[in-house]
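See below for the structure under consideration.
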Amino acid sequence: MLKITLTPLNQRRWQVFKAQKRGYISLWVFLVLFGLSLFAEFIANDKPILVYYDQSLYFPLFVTYPETTFGGEFETEAVYRDPYVKNLINAKGWMIWPPIPYSYRTMNFALNQPAPSPPSADNLIGTDDQTRDVAARLIYGFRLSVLFGLTLTLVSSVIGVAVGALQGFYGGKIDLFGQRFIEIWSSMPRLYLLIILSSIVIPDFWWLLGIMLLFSWMALVDVVRAEFLRGRNLEYVRAARALGMFDSRIMMRHILPNAMVATMTYLPFILTGAITTLTALDFLGFGLPPGSPSLGEMVAQGKSNLHAPWLGISAFLVLSLMLTLLIFIGEAARNAFDPRNTLQ
């Protein structure tokens with residue numbers, strides 16, 4: 001059995017974090033929601049999880065089966081929501097469907113009223129103006145937003161820590177020119193530049209990640225730079241230099257752990273900013289490609305369809321819950337890493 005052993009310092013931090021009930025509960029709620037969203041295909045999908053047909057088992061979520069597999073006429077992939085295919089399968093077997101029998105891109109052509117349609121037994125939170133199930137798009141949109149934010153936060157943090165470490169450790173011209181470049185680069189209107197760059201190319205997940213990475217890496221540079229400027233003059237660092245230890249080893253082993261204390265407290269807030277920026281770009285129409293499960297696009301639909309309040313309200317509630325949880329987690333993490341805070 002895997003057992004994680006924490007140092008006494010990290011144990012104290014974890015206990016302080018747990019003492020912050022709001023942040024501790026928010027962490028577990030966020031982990032549960034994100035964990036469930038990772039299995040979105042098993043929760044909301046237009047393909048059954050399991051098909052039993054003619055004494056054989058089929059797994060449409062993982063394998064593409066032509067319609068002829070189930071006695072149909074076409075060699076193309078079976079459309080399991082088609083009544084004809086349903087009758088073929090039910091004649092010799094059965095299907096197990098996800099709780100929500102729609103994917104984020106599935107259109108419901110059996111609506112009894114024009115789209116966007118209000119909540120019903122078939123569509124629990126209604127449909128959008130393209131007859132797509134809102135609940136399914138919220139689940140996939142939540143997962144996409146968190147994964148995008150986590151990826152951007154991780155990559156930008158690595159770059160920001162590396163740049164700040166080099167500036168703070170070596171100082172001199174490296175620090176001087178680095179700071180002047182950052183001052184110029186950070187003074188540019190980021191949102192306008194993101195819109196311009198997104199309009200030049202057709203952005204997908206990775207293109208948009210790269211475009212936003214151009215500006216997000218600067219968030220941690222100043223914090224790490226200040227820690228390295230302070231740490232490079234400490235006695236044990238000078239002793240390590242006198243003993244001939246390589247600069248890279250001194251930076252990684254002796255200064256970086258102290259710098260990461262301040263860095264860790266910023267990560268939830270960087271994640272929140274990344275999700276907010278993605279939502280803003282999607283809302284303005286310069287984000288992910290059309291059809292992607294985007295919370296920002298759902299907010300835009302709510303703005304365009306004021307007569308369908310379930311669109312704007314549902315997207316607002318998901319965004320509010322997600323960002324609130326992350327803010328509470330960030331506050332608790334900041335208090336946990338603050339050496340002035342102790343258990344009462």
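Since the structure is predicted, the reported quantities are computational estimates derived from the model, not experimental observations.
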Open item on the list: Less than 4.5 Å apart, side chain to side chain, heavy atoms only: is that true for Q113 and P118?
Closed with: yes
Task: Donor-acceptor pair, side chain of E67 and main chain of E73, under 3.5 angstrom - done: yes
Task: Main-chain N/O of G141 paired with S145 side-chain donor or acceptor, under 3.5 Å - done: yes
Task: Aromatic centroids of F70 and Y58 separated by under 6.0 Å - done: yes
TODO: Would you mind listing every ring pair (Phe, Tyr, Trp, His ring centres under 6.0 Å) that reaches into residues 130-155, with sequence neighbours excluded?
DONE: Y104-Y140, F148-F205
Open item on the list: Quick check: do I89 and V51 have side-chain heavy atoms less than 4.5 Å from each other?
Closed with: yes
Open item on the list: Can you tell me if F74 has over 12 outside heavy atoms packed within less than 6.0 Å of its CZ?
Closed with: no
Open item on the list: Has N123 got a side-chain atom pairing as donor or acceptor with I125's backbone, closer than 3.5 angstrom?
Closed with: no
Task: Atom CG of N233 with >12 non-hydrogen neighbours under 6.0 angstrom - done: yes
Open item on the list: If you count every heavy atom of other residues, nucleotides or ligands that lies below 6.0 Å from M245 atom CE, does the total exceed 12?
Closed with: yes
TODO: Look at the side chain of N335 and the backbone N and O of E331, then say whether any donor-acceptor pair between them is shorter than 3.5 Å.
DONE: yes
- [ ] Quick one: pull up CD in Q15 and NZ in K18 and give me the separation to the nearest 0.5 Å.
- [x] 5.0 Å
Could you list the donor-acceptor pairs under 3.5 angstrom formed between side-chain atoms of residues 29-38 and any protein atom two or more places apart in sequence or on another chain?
from	atom 1	to	atom 2	distance (Å)
S37	OG	F34	O	2.7

Task: For V224 against G164, the heavy-atom pair lying closest together - done: CG1-C, 3.9 Å
Task: Cation-pi, F169 ring and R232 (6.0 angstrom, 45 degrees) - done: no
Task: Within one Ile-Leu-Val-Met-Phe-Trp-Tyr cluster: L150 and I139, side-chain cutoff 4.5 Å - done: no
TODO: Verify the distance criterion only: is there a donor paired with an acceptor across the side chains of Q167 and Q179 at less than 3.5 Å?
DONE: yes
- [ ] Look up atom CG in L284 and atom OG1 in T279, then write down how far apart they are to the nearest 0.5 Å.
- [x] 11.0 Å
Open item on the list: Quick check for you: to the nearest 0.5 Å, what is the distance between W94 atom CH2 and L50 atom CG?
Closed with: 4.5 Å
Task: Heavy atoms from other residues, nucleotides or ligands near CZ of F181 exceed 12 (cutoff 6.0 Å) - done: yes
- [ ] Kindly state each residue pair satisfying salt bridge (charged side-chain N to carboxylate O under 4.0 Å, His left out) with at least one member in residues 283-306, sequence neighbours excluded.
- [x] R132-E297, R137-E297
Task: pair Y80-Y65: side-chain heavy atoms closer than 4.5 Å - done: yes
- [ ] State, to 0.1 Å, how close A332 and F17 come at their nearest heavy-atom pair, and which atoms those are.
- [x] CB-CE1, 3.4 Å
Open item on the list: Is it the case that atom OH in Y266 sees more than 12 heavy atoms from other parts of the structure closer than 6.0 Å?
Closed with: no
Open item on the list: Looking at E183, is its backbone amide N or carbonyl O close enough to the side chain of S186 to form a donor-acceptor pair, meaning the two atoms are under 3.5 Å apart?
Closed with: yes
TODO: Name the orientation class of the two ring planes belonging to Y24 and W28 (parallel below 30°, tilted from 30 to 60°, perpendicular beyond 60°).
DONE: perpendicular
TODO: Say whether L209 and L271 are linked into one hydrophobic cluster, either directly or through other cluster members, by side-chain heavy-atom distances under 4.5 angstrom.
DONE: yes
- [ ] Check for a donor-acceptor pair, side chain of Y102 on one end and backbone N or O of A136 on the other, with a separation under 3.5 Å.
- [x] no
Open item on the list: Quick check: do L220 and L267 have side-chain heavy atoms less than 4.5 Å from each other?
Closed with: yes
- [ ] Determine the minimum heavy-atom distance between S117 and T127, stating which atoms define it.
- [x] OG-OG1, 2.7 Å
- [ ] Over all heavy atoms of both residues, which pair between D282 and G296 is shortest? Give the atoms and the distance, please.
- [x] CB-CA, 3.8 Å
Open item on the list: Please find the pair of heavy atoms, one from G168 and one from L229, that lie closest to each other, and give the distance.
Closed with: O-CD2, 3.4 Å
Open item on the list: Nearest 0.5 Å, please: how far is CG in L234 from CD1 in I255?
Closed with: 7.5 Å
Task: pair R225-D175: side-chain heavy atoms closer than 4.5 Å - done: yes
- [ ] Measure the shortest side-chain to side-chain distance between L138 and S314 over non-hydrogen atoms and say whether it is less than 4.5 angstrom.
- [x] yes
Open item on the list: Any side-chain to backbone donor/acceptor pair from T69 onto P66? Under 3.5 Å, distance only.
Closed with: yes
Task: Expected output: side-chain S187 to main-chain I184 donor-acceptor under 3.5 Å - done: yes
Open item on the list: Can you tell me if Y84 has over 12 outside heavy atoms packed within less than 6.0 Å of its OH?
Closed with: yes
- [ ] Could you tell me whether K47 and E41 make a salt bridge, using a distance below 4.0 angstrom between a side-chain N and a carboxylate O?
- [x] no
Open item on the list: What verdict does the side-chain contact (heavy atoms from CB on, under 4.5 Å) test give for L321 and L317, after you've listed the backbone C-alpha separation in whole Å, the side-chain angles of each residue and the deciding distance to 0.1 Å?
Closed with: CA-CA 6 Å; L321 176 62; L317 290 177; over 6 Å; no
Task: Separation between NE2 of H307 and CG of L311, rounded to the nearest 0.5 Å - done: 8.0 Å
- [ ] Show your reasoning for whether side-chain contact (heavy atoms from CB on, under 4.5 Å) applies to L213 and I159.
- [x] CA-CA 9 Å; L213 185 61; I159 298 175; 4.0 Å; yes
- [ ] Apply side-chain contact (heavy atoms from CB on, under 4.5 Å) to M298 and D128, showing your working.
- [x] CA-CA 8 Å; M298 291 192 64; D128 63 7; over 6 Å; no
Open item on the list: To the nearest 0.5 Å, what is the distance between OG1 on T276 and CE on M322?
Closed with: 8.0 Å
Task: Check: D122/N108 side-chain N/O donor and acceptor closer than 3.5 Å - done: yes
Open item on the list: Measuring only between side-chain heavy atoms, which start at C-beta, is I250 closer than 4.5 Å to V237?
Closed with: yes
Task: V63-M95 co-clustered via ILVMFWY side chain contacts under 4.5 Å - done: yes
Task: Geometric class of the F215/W185 ring pair [parallel <30°, tilted 30-60°, perpendicular >60°] - done: parallel
TODO: Determine yes or no for a side-chain-to-main-chain donor-acceptor pair under 3.5 angstrom, with S292 supplying the side chain and S294 the backbone.
DONE: no
Task: 4.5 Å side-chain heavy-atom contact, W207 and D204 - done: yes
- [ ] Mind listing the closest non-hydrogen atom pair of L152 and A274 along with its distance?
- [x] CD2-CB, 3.5 Å
- [ ] Decide whether F39 and F62 are clustered together by the hydrophobic rule: side chain heavy atoms of Ile, Leu, Val, Met, Phe, Trp, Tyr closer than 4.5 Å, transitively.
- [x] yes
TODO: Please answer: with hydrophobic residues joined when any side-chain heavy atoms are less than 4.5 Å apart, are M188 and L208 in the same cluster?
DONE: yes
TODO: Take I182 and M218 through the side-chain contact (heavy atoms from CB on, under 4.5 Å) test and state the conclusion after the steps.
DONE: CA-CA 7 Å; I182 291 176; M218 293 179 289; 4.0 Å; yes
Task: Main-chain N/O of V161 paired with W217 side-chain donor or acceptor, under 3.5 Å - done: no
Task: Residues, nucleotides or ligands: over 12 heavy atoms within 6.0 Å of R253 CZ - done: no
